[in-house]
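In this chain, residues are counted from 1 in sequence order.
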Amino acid sequence: MYSSTMLKSAECLLCALFIFIVLATNSVSGQGQWRKYDNPNDDLTYYVSQTNYAGASIIDINNDGYSDIFFAPKTIFLNDGKGNFPTQSGLPYNPVIAAATGGSWADIDNDGDMDCIVATFRCRVFMNLSGGIFADSTSRYPYLNNYHAFGCAIGDMDGDKQLDLSFAHANTFHPNPQPGLLVIRKEKDNSARKIQGHHFTDELGTYTVPYWSDYDMDGDLDLFVASGPAGKPGKDFCYKSLRKELGKDSLLELEDELFAQQLQDGQCYNFIDYDNDGDLDLCLTNYFGVQTRLYKNLGNQVYKIVSTPFSQASTNLANCWGDYDNDGDMDVVITNDNQITMYYRNDGNDVFTYLSDNFSTSSAICSVSNGDMDNDGDLDIVVNGKGNNGSEENAGLYLNEGIAGNNSWAQFSLKAIATNSTALGTFVMIYAKINGVQIKQLREVNVQNTFQGQNSTRVHFGLGNAKEIDSVVILWQSGMKQNINSIAVNRIYTIMEGEKVSKVYESGTDAILIYDTGTETVKIPKTDKGEYGMYQVSIINIMGKEMYHNNFEQYPETINVNDLPNGYYILLIKNNAGISDSFVFIKY
């Protein structure tokens, strides 16, 4: 039995917790800057980069609704959801620490959790068995036995449920020189075969990092290989997928696009809609052989170069885009392996302002990624890799404290059904009035969008002073177009392909189940949805994976969730007349 005191205490606790994680608050210090995470009890505070070039990635490894951290080549810090990172663990291997290492994370086997590939001295593939327990499955890919890579990326070249792998080998930088590696995995026969017949796959080169993006928004993922020769202009290798045009797995080397025509010293490709016009522009960080370039898409992949404060010839590495101030357009952080990191605010109309008193590091870093680590609605930053002129102590987490002020926001976790569950290649467009003007914003889901690492796959939008989102349009890679109208701001939503929106985090307790830590049960409120027939009850985790299913002959009052890991869940209940209801609960 639940006492009134117990219920009241639980309600207060949940209400306080939800208010904490939902509302975008001002920083405690009021400084409007990022603060380096410094909990003296956590190993994260003392983490140091393992090498000069090492990736940082933000992912939810154990499906608890909180973003975790991966520092290549193997270190993992799990977020406990209370503002701490008490757990340091690692992928189950002992890498040779070489000068370059990166990672890419996605649900490779579509079982509901995030798997990993690592570019390092002998590359690896790790499958997430459950809750962050990993198995080394590299043996399935014999061509990785003695393969070394600078960067790697998971993509979906053929549009099936089995994700594909790419690795970039930088000739003269690694032993045992080899071309780049592209592996296509097939669901129907469970095969994994190397693709050849392209410069990248057949010829040696100074390939640094591969990137997958549907740059022309035609429904299939294209491949871009940064090939920085580190100091002199050279050719990058960019490929358009012809799956939509020809119906087969085929790559065409690009020649007409301006960025493909020009010689580059390529390090990081990022296709983003920085000007909110509904198509993808390109930011390409080049090393000092060529200036860093911002390509504005004028429509139909016709580009012009926009001059910016970061359009300079320097040893630039990452360009990491996100709406850090939540004002409704995307800003950028640029890393450099000989200089401090620089943050540039997007002021609209192709104008960017360098803010020296905002995010930076004391000296050079290599990789930077972003995600909302504390579920407060703004983007935090994780960095790794000390570069040539950096300090290994720069590595770590930098919390966004006040940069976003009281601006509105929204985030979306997507779960595809018809194609890969990570929803790679899916686009989200939202429409909302900011300062009285209807603004359209666009995001793409991909898992290699910074140098040797990746941002959170939970899609983030800043919304300025918008009071609501007028509409959301999701273009799933399967071709399905999903429209959602009039939803609230300051929420984190989970959306399954073709299904209704589930509000995962929201203030108040009227739609929240009460979880009793004493009995390990969830109490289900009585509803007016029908009190007859057989009842089906399912519990879905934040990644869309069904964790519990059972049938009841009468309306259940409680469900035992002792076997579920801590996290956020949606409980669905339906009777045999088709009448259904849903609730949200936290197990902690």
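Note that the OH atom of Y141 and the CD1 atom of I117 stand 9.0 Å from one another [nearest 0.5 Å].
Side-chain polar atoms of W321 and N319 form a donor-acceptor pair below 3.5 angstrom. In this structure, a donor-acceptor pair under 3.5 Å is absent between the side chains of D222 and Y239. One side chain, Q482 or W476, offers a donor N or O that lies under 3.5 Å from an acceptor on the other. Side chain to side chain, Y274 and D350 meet the donor-acceptor criterion of an N or O pair below 3.5 Å. Side chains of N316 and T292: a donor-acceptor N/O pair is present below 3.5 angstrom, by distance only. With hydrogens and angles left out, the side-chain atoms of Q441 and D273 include no donor and acceptor closer than 3.5 Å. If you check the side chains of R293 and Q264, you find a donor sitting under 3.5 Å from an acceptor. Under the 3.5 Å distance criterion, with hydrogens and angles disregarded, no donor-acceptor pair is assigned to the side chains of N465 and N407.
Screening D214, L424, N420 against Q477 for a side-chain contact (heavy atoms from CB on, under 4.5 Å) leaves a single residue, N420.
A distance below 6.0 Å separates the ring centres of F310 and Y344.
In plain terms, the two heavy atoms of A404 and N326 that are nearest each other are CB-ND2, 3.5 Å. Scanning all heavy atoms of the two residues, the minimum distance from R185 to D158 falls at O-OD2, 3.5 Å. Scanning all heavy atoms of the two residues, the minimum distance from A72 to A54 falls at O-CB, 3.7 Å.
Salt bridge absent: R243 and D249 never bring a charged side-chain N and a carboxylate O closer than 4.0 Å.
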| field | Check against side-chain hydrogen bond (donor to acceptor under 3.5 Å, both in side chains), S213 and E444 | value | CA-CA 8 Å; S213 176; E444 180 187 18; 2.7 Å; yes
| query | What do the steps show when you test Y343 against D325 for side chain to side chain contact (heavy atoms under 4.5 Å, CB included), and what is the final call? | reply | CA-CA 11 Å; Y343 166 70; D325 55 6; 4.2 Å; yes
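Classified by interplanar angle (parallel below 30°, tilted 30° to 60°, perpendicular above 60°), the ring pair F259/Y269 is perpendicular.
Remark: the backbone N or O of T101 is not paired with any side-chain donor or acceptor of T120 at under 3.5 angstrom. The closest donor-acceptor contact from the side chain of N449 to the backbone of N455 lies under 3.5 Å.
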